[in-house]
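Let me begin by presenting the structure, written as structure tokens, before commenting on it.
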Amino acid sequence: MDNVHEKRMLGSSIRSVRAERNISQRQLALMTGISRSYLWKIETGTADVGIDVLIKIAKALDIPVHSLFDF
């Protein structure tokens with residue numbers, strides 16, 4: 001089971017919050033220490049993502065991790 005739908009929903013949540021805060025992918029990548037290409041894959045739901053990366057993203061966006069899973 002690869003959870004394609006859930007990964008897409010998670011990516012959409014990240015992209016949505018990032019856009020609301022007017023943060024570019026490049027900026028968020030720099031803020032979190034992950035590559036822009038990996039962030040793009042996360043946002044499109046094509047990458048597996050670990051909890052450590054999700055925590056970095058949530059902290060950079062100044063939101064609780066659980067809010068990324070509002071689907």
Side-chain angles (χ1 to χ4, degrees):
M1 190 157 117
D2 59 6
N3 303 311
V4 172
H5 177 72
E6 289 80 3
K7 287 194 263 185
R8 286 184 183 153
M9 295 298 294
L10 174 62
S12 180
S13 289
I14 293 169
R15 184 174 47 253
S16 207
V17 173
R18 179 179 60 73
E20 286 172 10
R21 290 175 171 40
N22 294 315
I23 299 172
S24 70
Q25 277 187 344
R26 183 178 182 278
Q27 289 172 312
L28 185 56
L30 289 171
M31 293 165 71
T32 58
I34 63 176
S35 71
R36 196 202 63 75
S37 62
Y38 181 46
L39 179 58
W40 177 81
K41 288 178 182 179
I42 293 169
E43 287 189 353
T44 58
T46 58
D48 291 330
V49 58
I51 189 66
D52 291 334
V53 172
L54 288 177
I55 290 169
K56 287 179 184 181
I57 291 170
K59 283 183 178 181
L61 295 173
D62 196 29
I63 58 172
V65 175
H66 70 83
S67 68
L68 295 172
F69 296 96
D70 192 22
F71 54 85

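Residues Trp40 and Met31 do not share a hydrophobic cluster, defined by chaining ILVMFWY side chains whose heavy atoms lie under 4.5 Å apart. Taken together through direct or relayed side-chain contacts under 4.5 Å among Ile, Leu, Val, Met, Phe, Trp and Tyr, Leu10 and Ile51 form part of one hydrophobic cluster. If you chain together hydrophobic residues whose side chains sit under 4.5 Å apart, Leu30 and Ile42 never meet in one group.
Applying the side chain to side chain donor-acceptor pair (under 3.5 Å) rule to Ser12 yields no partners; only residues at least two apart in sequence or on another chain are considered. Ser67 is linked by a side chain to side chain donor-acceptor pair (under 3.5 Å) to nothing, counting only residues two or more places apart in sequence or in another chain. In this view, Ser16 satisfies the side chain to side chain donor-acceptor pair (under 3.5 Å) rule with no residue, not counting sequence neighbours. Scanning for side-chain contact (heavy atoms from CB on, under 4.5 Å) contacts around Val17 gives Arg21, Leu61, Ile63, with sequence neighbours left out.
Sorted by first and then second residue, the pairs that involve residues 38-54 and meet salt bridge (charged side-chain N to carboxylate O under 4.0 Å, His left out), not counting sequence neighbours, are Lys7-Asp48, Arg18-Glu43. The stretch residues 62-71 participates, sequence neighbours left out, in no salt bridge (charged side-chain N to carboxylate O under 4.0 Å, His left out) pair at all.
Nearest heavy atoms, Leu39 versus Ile57: CD1-CD1, 4.3 Å. Summarising the geometry of Tyr38 relative to Ala47, their closest heavy-atom pair is CE1-CB, 3.8 Å, with the distance given to 0.1 Å. Across all non-hydrogen atoms, the minimal contact from Thr32 to Ile34 is OG1-CG1, 3.0 Å. Ala58 and Pro64 make their closest contact through CB-C, 4.2 Å (heavy atoms, listed as atom of the first residue, atom of the second, distance).
At least one side-chain heavy atom of Leu68 sits under 4.5 Å from a side-chain heavy atom of Ile14. Using a 4.5 Å cut-off on side-chain heavy atoms (C-beta onward), Leu54 and Phe69 make contact.
If you take CZ on Arg36 and CD on Gln25, they are separated by 5.0 Å, rounding to the nearest 0.5 Å.
Heavy-atom contacts from other residues, nucleotides or ligands closer than 6.0 Å to CZ of Arg15 number more than 12.
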